Amino acid sequence: AVERLASKFGAREAIVPAVKGVDRARSEAALKYKDADGDDVAFYRLMDLVRATLVFDDLETLYAGLDSVVKSLGKSAVREFNDRYKAPIEGGYRDLELVVDFQGHLCELRLNTAPMLQAKNTLGQRDFEIVRLLKAAVSD
C-alpha cells in the first residue's frame, strides 16, 4: 500500500522496514513511556511497530505529497500528525510524522526529503539515539 502511495503521489521511493523487533520495541517504550515511578511502561503508546517512509525530492513535493496522502487516506484515518520541519526534534532532525489507521491497525507513516534522510543516515540519527539513551540513564 505504501509503494502504491509513493508512485501515486510523486515520492522518490517508499522505505518499508521490517516490523520492529521485540527487544527494540521494549527498549524504546521503556525510554519514552515509563511512568513517573518507573514501575509501569505504556507499551500501547508505541505506534511505530509497523512503519514506512515516503521520500520526496524537496519540501515543495513533500508538502504536496502530505496533502495528497491525507486526502487519499481520509482525515479520519490520520490519528496524529507532527510537523517536525516546523518544530524539529533535538539535534535538528526533521520529518512529517503521521500515525494512521490502516485496516484497523495504528501505523507510523513518515514523509521526508532525500537530503534530510541522507543527513540522518550518516551521523544524525545515531547522535540522537545516544542523547536519548543518556537522558534516560540520567533520569533513572
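Remember, predicted model here, so these are calculated numbers, not experimental data. Every heavy atom of this structure was used, including side-chain atoms; hydrogens, water molecules and symmetry mates were not.
- Note that CG of Leu111 and CG of Leu54 are 5.0 Å apart. Values are rounded to the nearest 0.5 Å.
- The salt bridge (Lys or Arg N to Asp or Glu O under 4.0 Å) search around Asp101 returns Arg79, not counting sequence neighbours.
- By the side-chain contact (heavy atoms from CB on, under 4.5 Å) test, Glu3 pairs with Ala14, sequence neighbours left out.
- Every residue two or more places apart in sequence or in another chain that forms a side chain to side chain donor-acceptor pair (under 3.5 Å) with Arg12 is listed here: Asp57.
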Extract all donor-acceptor atom pairs below 3.5 Å that involve side chains of residues 67-76 and protein atoms in other chains or at least two apart in sequence.
| residue | atom | partner | partner atom | Å |
| --- | --- | --- | --- | --- |
| Asp67 | OD2 | Lys71 | NZ | 3.1 |
| Ser68 | OG | Ala64 | O | 3.1 |

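- With sequence neighbours excluded, no residue forms a side chain to side chain donor-acceptor pair (under 3.5 Å) with Thr53.
- Leu117 CG to Asp95 CG: the interatomic distance, rounded to the nearest 0.5 Å, is 8.0 Å.
- Interatomic distance, Arg84 CZ to Met116 CE, rounded to the nearest 0.5 Å: 11.0 Å.
- What you find for Asn82 and Glu80 is that their closest heavy atoms are ND2-OE2, 3.0 Å.
- Atom CG in Leu96 sits 8.5 Å away from atom CG in Leu59 (nearest 0.5 Å).
- Annotation: side chain to side chain donor-acceptor pair (under 3.5 Å) contacts of Tyr85 (sequence neighbours excluded): Asn112, Thr113.
- With values rounded to the nearest 0.5 angstrom, Phe9 atom CZ is found 13.5 Å from Thr61 atom OG1.
- Separating the CG atom in Asp83 from the OH atom in Tyr63 is a distance of 3.5 Å, to the nearest 0.5 Å.
- By the side-chain contact (heavy atoms from CB on, under 4.5 Å) test, Arg26 is found to be paired with Val22, Phe43, residues two or more places apart in sequence or in another chain being considered.
- For the residue pair Glu13 and Ile15, the shortest heavy atom distance occurs at OE1-CG1, 3.9 Å.
- Residues Ala18 and Arg51 approach most closely at O-NH1, 3.1 Å, considering heavy atoms.
- Criterion: ILVMFWY side-chain heavy atoms under 4.5 Å apart, direct or through other members. Under it, Phe102 and Val99 are not part of a common hydrophobic cluster.
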